[in-house]
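Data first, discussion second: the structure below is written as C-alpha cells.
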There are 2 protein chains.
Amino acid sequence: MTVTLADVAARARVSPATVSRVLNGNYPVAASTRERVLRAVDELDYVLNGPASALAAATSDLVGILVNDIADPFFGIMAGAAQSAIGDTGTGRAGGEKLAVVCNTGGSPERELTYLTLLQRQRAAAVVVTGGALEDPAHIAALTAKLAKLADAGTRVVLCGRPPMPGDAVTATLAFDNRGGGRRLTEHLLALGHRRIGYVAGPAERTTTRDRLEGHRDALAAAGLGGGGPEQDGLTAHGPYTRAAGYEATRELLARDPSLTAVVAANDTVALGACAAVREAGLRIPQDVSVAGFDDLPFSVDAVPALTTVRLPLHEAGVRAGRLAMGTDTPPPGGVETIAGELTVRASTAPPRA
Amino acid sequence: MTVTLADVAARARVSPATVSRVLNGNYPVAASTRERVLRAVDELDYVLNGPASALAAATSDLVGILVNDIADPFFGIMAGAAQSAIGDTGTGRAGGEKLAVVCNTGGSPERELTYLTLLQRQRAAAVVVTGGALEDPAHIAALTAKLAKLADAGTRVVLCGRPPMPGDAVTATLAFDNRGGGRRLTEHLLALGHRRIGYVAGPAERTTTRDRLEGHRDALAAAGLGGGGPEQDGLTAHGPYTRAAGYEATRELLARDPSLTAVVAANDTVALGACAAVREAGLRIPQDVSVAGFDDLPFSVDAVPALTTVRLPLHEAGVRAGRLAMGTDTPPPGGVETIAGELTVRASTAPPRA
DNA sequence: CTGTTAGCGCATTCAG
DNA sequence: CTGAATGCGCTAACAG
C-alpha cells in the first residue's frame, strides 16, 4: 500500500542505499543515476518515512519553537520569522527540509517542560525558546536540566527574547534590553515634565516584567524620584499581559492617585487597556494623561492616539534565532547577544498640563 | 549514553514489551508491575524514542495545525485553542501526549503543500487546516490529492474556518458562514440608512474574501441596490488582509467617491487601516463615515470608536477542531458543520448625515 | 497478565 | 561511484 524506499530502488534499478544517498544529497552520486532515481520518486509519488529515517540517523528534521502565547502578535511575529528562516532553506524540493513547528505553552511552566520533553522524544534538531522566563528557582532548575539533556542529545538550543541561562546547554541567546528600553521610555516622560507616573507591570516573577520595571525605576531614581522604595509608592500594579489587565490596573491606579499625569504599561496590549480606562475616567490622552507601551506591535501605530512605545525588532530577532537554530549563523562571542529597543515617540505622550 | 526501553526493562526486571505497555497505557498491566516500571523510568530519566515508536507503530503522536499567518490573532486564537484541546488530553505524565504543532504557511499555496508533505513524512496522527482557501483550481486539485494521501495513510484531516472540499479525505470541516455574516453586516448598514457603501475586500481568489463579498452584495441586491454589477460600481477594492491595505484601499475609495457614507472592511485588521484613512481625510467616524470590520478580534473593542463587526467564535471553533482531530468528538452528520457569525454593533457605525 | 519473536523503513558501515 | 549487510529502538502479534 505505502511505497517505500525499496520500491523506488527497484523501479530505478539501483540499490536502496543509492536512493537514500540521492535523497539526502550528502554523498556523491552519478548525475545519470540521480536522474533516474528522482524520476522514480516522482512516478511513485514517494514520500520519505520520517520516523524511520530519524531512527536510523538518530536525529530528525523537526525544529521546535516555544512561545508563551500564540494569539499574541509579539510571539506570532517572532515565531513566523523564525519559521520562515528555517523553512526557506530548502531548494524547493523536499530535500533537507526542516519542519519548523511552533508550540504554545500558554505561559505555563509545566507545559513548557512537557513540550520540551515531547521535542526531546522526537529527537528534534533544534529548539527555540522565545519570550520572558519565569523566575521561580525550581522551574529554572528543571528547565536548565531539560535543556542540558536536549543539548546532550544533539539538539541545538536557542533562546530568543529571553535572558541568558546558566550552564552551557544553550547554543545562543538573543536577549532584549528590556531594562534599557524601560529606562529610556520613562526618561522620555520625565523630560516632558511628568513627575507622577503610574506603572502597569506584567505578571510578577517574569524576567520581562522585572527588567522593564527596573528600567523604569532606574530612570526615576536618576531623576531623584522613586522615594519610598519599590511597590510602596502605590504607583505600580501587576497583572497579566492582557488588555483587560491593563484596563483594570489603570482604573485602580487612577483611583488611588488622581494626580497621575502619565501611565506606562508593560507592553502595547496592556497599554490599550490603559487607554480605555483613562478615557473612561473622562480624561483625554495625552492632554490629561500620557500613555506609553512597549514592543511596538503593528496595531500600536493605529491606536488613537498613536502609541508612544519602545520598538523591538521582533522580526529580525526571529530570523536570527531561526538561522542560529539551523546552524547557518554563527553564535555571537560569549553566546549572548543583546538586542536594544528603540524609543518610538508618537502622539500618546505629551507634556503634562501646567 | 542514551538510555533505551531495554535498559528500563532490565532495571524493572520485566520484558521490553511490558515497559512499552505501561508507557502506552493501552493494555492491561498489573499495578505492582506498572509501579516498578514507572520507578525505573524515573530513576533512569528515560524518554521514549519517538521516531522508533512511530516507525514500529506506523503512526506518530504529531498533530499539525496549518495557519495562513501566525502573526494574525485570527489564526493565533484558533491555533491556540486547538493546541490546548489536543495537548490537554494527557494526565500530566507524558503518556498518550500528542505533540500539537502549528505551521505557518504565510498564505503561500506551495508552503501549504510543503508542510503537508512534511507532516505526511512524519506520519502525523492528524492535520488541522485553518483559514480560507485559495480558489485556484490547480492548487485545489493538488491539495485534494495531498489530503487524500494523508487520509490514506491514516492521518485524520480536519478543516477549520474553511469551506468543504471535494472527496472523502476530510474527516470533518468547520465552515464559517462568511456569506451570511457579510450579508447581516451590510443589512445593518442599510437599515441605518446608508446607500453608498464602500467595500474593502481581501485578496481575490480566496474563499473568505469571496464569501464575505457575496454576502455584502446579497444584501445590496435585496435592497434593490448594487446595480451595474460586481466590481463595476467602483465601490470595491481588493488587497491583502493587512492594516496597510485597508488604509490604501480606503484612501482610494474615498477619492473615487466622496459621497461614501460607510466603509465595510474584509476583516478587523483591514478596518483599522480604513479608520486611519477616513480620519486622515478629515472625516469623523461614525458621524461622517461609518466603518465596520469582521471577526471581532480582541483589539476591535478597543478601537476608537469601538468597531462594529461580525463576531466569529474562533476559540470555540479551534477547540472543536482540536477535539475532532483527536477523535474525541464525533464529526457532524455529513461531515460539515457551519458556524454562524454574530453581528456585533458598536460605536463605529451610525446613521449617515442627513 | 507477561515474555518471545519479528520486523517497521531507512542510514550506514564495509566491500567492491 | 555503487551494492550488500547490519542495526537504530520500539510495537505488535503470538504464545504462555
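The chains referred to below are lettered A, B, ... by the order of the sequence lines, with proteins before strands, and numbering in each begins at 1.
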For this session: May I have the distance from A:R36 (atom CZ) to D:dT2 (atom C1'), rounded to whole angstrom?
Result: 11 Å
Exercise. With a non-hydrogen cut-off below 4.0 angstrom, is A:V29 in contact with a base, only sugar-phosphate, or nothing?
Worked result: sugar-phosphate
Exercise. For B:L5 and C:dT5, what is the distance between atoms CG and C1' respectively, to the nearest whole Å?
Worked result: 15 Å
Exercise. Separation of A:N49 atom CG from C:dG7 atom P, in whole Å?
Worked result: 18 Å
Exercise. So, is A:N24 near the phosphate of C:dA11, with a side-chain N or O under 4.0 Å from OP1 or OP2?
Worked result: yes
Exercise. Does OP1 or OP2 of D:dG9 have a side-chain N or O of B:S53 closer than 4.0 Å?
Worked result: no
Exercise. Counting side-chain heavy atoms from C-beta on, which of C:dG3, C:dA11, D:dT11 comes nearest to B:L48?
Worked result: D:dT11
Exercise. Roughly how many Å is it from CZ in B:R13 to P in C:dG3, rounded to a whole number?
Worked result: 12 Å
Exercise. Tell me: CD of A:Q122 to P of D:dG9, nearest whole Å?
Worked result: 16 Å
For this session: Give one of base, sugar-phosphate or nothing for B:A30, where a contact means two heavy atoms less than 4.0 Å apart.
Result: sugar-phosphate
For this session: Would you mind telling me which of D:dT11, C:dT4, D:dG3 lies closest to the side-chain atoms of B:S15?
Result: C:dT4
Exercise. So do A:V127 and A:K146 actually touch side chain to side chain, heavy atoms under 4.5 Å?
Worked result: no
Exercise. Taking the side chain of A:A56 as heavy atoms from C-beta outward, which of D:dG9, D:dC8, C:dC1 is closest to it?
Worked result: D:dC8
Exercise. Quick one: is C:dT2 close enough that its OP1 or OP2 comes under 4.0 Å of any side-chain N or O from B:T33?
Worked result: yes
Exercise. When you match B:L55 and B:A31 each to their closest nucleotide on DNA chain C, which lands nearer the 5' end?
Worked result: B:A31
Problem set entry | Atom-to-atom span, CZ of A:R123 to P of D:dC8 - whole angstrom | 14 Å
Problem set entry | Shortest non-hydrogen contact from A:D61 toward B:Q122 | OD1-NE2, 2.8 Å
Exercise. When all nucleic acid strands are considered with a 4.0 Å heavy-atom cut-off, which category describes B:V14: base, sugar-phosphate, or nothing?
Worked result: sugar-phosphate
For this session: For residues A:L143 and A:L116, determine if any side-chain heavy atom of one lies less than 4.5 Å from a side-chain heavy atom of the other.
Result: yes
Using atom types as modelled, flag every donor-acceptor pair under 3.5 Å from a side chain in residues 156-166 of chain A to any protein atom, sequence neighbours excluded.
| unit_1 | atom_1 | unit_2 | atom_2 | d |
| --- | --- | --- | --- | --- |
| A:R156 | NE | A:A325 | O | 2.9 |
| A:R156 | NH2 | A:M326 | O | 3.3 |
| A:R162 | NE | A:G131 | O | 2.8 |
| A:R162 | NH2 | A:G131 | O | 3.3 |
| A:R162 | NH2 | A:G132 | O | 3.2 |

For this session: For B:V47 and for B:Y27, locate the closest nucleotide of DNA chain D by heavy-atom distance; then report the residue assigned to the nucleotide nearer the 5' terminus.
Result: B:V47
Exercise. Within the modelled atom types, does a donor on one side and an acceptor on the other bring the side chain of B:R21 and the base of C:dG3 under 3.5 Å apart?
Worked result: yes
For this session: Output the single nucleotide from C:dG9, D:dG9, C:dG3 whose closest atom is nearest the side chain of A:T4.
Result: C:dG9
For this session: Check the side chains of B:S108 and B:T105 for a donor-acceptor pair under 3.5 angstrom, ignoring hydrogens and angles.
Result: no
